2 protein chains.
Amino acid sequence: MPTKTYHIGVEATMEIIGGKWKSIILCHLRHQTMRTSELARAIPQISQKMLTQQLRELENADIVARHVYKQVPPKVEYSLTDYGESLSGILHELCVWGENNIDRREAAGEEITLLNRDDV
Amino acid sequence: MPTKTYHIGVEATMEIIGGKWKSIILCHLRHQTMRTSELARAIPQISQKMLTQQLRELENADIVARHVYKQVPPKVEYSLTDYGESLSGILHELCVWGENNIDRREAAGEEITLLNRDDV
DNA sequence: TGCCCTACCCACCAAAAGGTAACTATTAGA
DNA sequence: TCTAATAGTTACCTTTTGGTGGGTAGGGCA
């Protein structure tokens, strides 16, 4: 396999938390362990396919852990790994900065809404 | 215009610094004002088109400022706005976390290289 | 028997993001 | 007159990302 090359640290970070869904998923898992259906309810805009696909990728990066309960109907829980917890501070700041950005744009007259300002 | 709706703060943040190039550009501008050609040299993988396109979008979001010098050949400088500076801490952490991530993956046996560990 | 539940997989399609290459303007200077 | 220099645009194409709608497993229960 050819050596993977990065030019600057942030490239690697963005490869892991970038894209439309990963940071949102991680922000939810930051507060609690959640099962698949709970995540789907917390992120109503995401499709089944994207949810599991993104969770798989986060699992492969050792950011989230997947716990399968052997029962029927199935029960699967996701949580941050210890390593994933090292992103917690960053995720919090990303949430807060975004909330402020939305306030700012609203103050500037933009039609804009933030449904959940639940970040602790 | 229909009201733009976000479900969680991080969505707004990612809309601004997400994508393949924006966070890289911002990490460079965090340390210094740079002209277009300097940015292009600092980010050799980026194309002309992407560089100006992403800079325009960052300008529209009031994150970077564009200073045009009236001379020939043209000279244009980019820098973070005061508001853009509010991202500086986050950008730094994204760089550092990525550097650690690369170290971690290298320690785990992955063929991986980081060319510039120049974040201050 | 037949249907429910949950998680998740697949095939297929649409849209967004990004890449390439060729072109512009303008003036100094050979 | 011709070229170099810088920043930028445009048309066209490829790749990546995301969405839809279908299907699976397998035990519980009416």
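Residue numbers start from 1 in every chain, and the chains themselves are labelled A, B, ... in the order their sequence lines are given, proteins ahead of strands. As the structure is a computational prediction, the values presented were derived from the model and not from experiment.
- With no hydrogens or angles considered, a side-chain donor-acceptor pair links A/Asn101 and A/Arg105 at under 3.5 Å.
- Across all strands, B/Ser47 comes closer than 4.0 Å to base atoms (heavy-atom distances).
- Here the nucleotide nearest the side chain of B/Ser37, chosen from D/dA7, C/dT6, C/dG18, is D/dA7.
- Residues satisfying the side-chain hydrogen bond (donor to acceptor under 3.5 Å, both in side chains) criterion with B/Glu15, sequence neighbours excluded, are B/Lys4, B/Tyr6.
- A side-chain contact (heavy atoms from CB on, under 4.5 Å) with A/His28 is found for exactly one of A/Leu26, A/Ile25, A/Ile24, namely A/Ile24.
- Comparing C/dG18, D/dT6, C/dC8 by their nearest atom to the side chain of B/Lys49 picks out C/dG18.
- Among the heavy atoms of the strands, none lies under 4.0 Å from A/Tyr69.
- One finds a side-chain N or O of B/Arg35 lying less than 4.0 angstrom from the OP1 or OP2 phosphate oxygen of D/dA7.
- For the pair A/Arg56 CZ and D/dG18 C1', the computed distance is 17 Å after rounding to whole Å.
- The CD atom of A/Glu38 sits 11 Å away from the P atom of C/dT6 (whole-angstrom rounding).
- Residue-level contact check: B/Gln71 touches neither bases nor backbone, having no heavy atom under 4.0 Å from any strand.
- Both A/Leu91 and A/Ile46 belong to a single network of hydrophobic side chains, linked directly or stepwise wherever heavy atoms of I, L, V, M, F, W or Y lie under 4.5 Å apart.
- Going from atom CD of A/Gln53 over to atom P of C/dC9 covers 10 Å, rounded to whole Å.
- Nucleotide C/dA7 holds its P atom 18 Å from the CD atom of A/Gln54, rounded to whole Å.
- The side chain of B/Lys20 places an N or O atom within less than 4.0 Å of a non-bridging phosphate oxygen (OP1 or OP2) of C/dG19.
- Taking only side-chain atoms of B/Thr36, from C-beta outward, the nucleotide of D/dG8, D/dG27, C/dC8 with the closest atom is D/dG8.
- Here D/dG18 presents its P atom at 10 Å from CD1 of A/Ile25, a figure rounded to the nearest Å.
- Distance CZ (A/Arg41) to C1' (C/dT6): 11 Å, rounded to an integer number of Å.
- Between the C1' atom of D/dG18 and the CD1 atom of A/Ile46 lies a distance of 10 Å, rounded to the nearest Å.
- Atom P of nucleotide D/dT20 and atom CD of A/Gln45 are separated by 12 Å, given to the nearest angstrom.
- Taking the nucleotide of DNA chain D with the nearest heavy atom to each of A/Met50 and B/Leu55, the more 5' of the two is matched to B/Leu55.
- Seen from the ring of A/Tyr83, B/Arg104 counts as a face-on cation partner, given the 6.0 Å and 45° thresholds.
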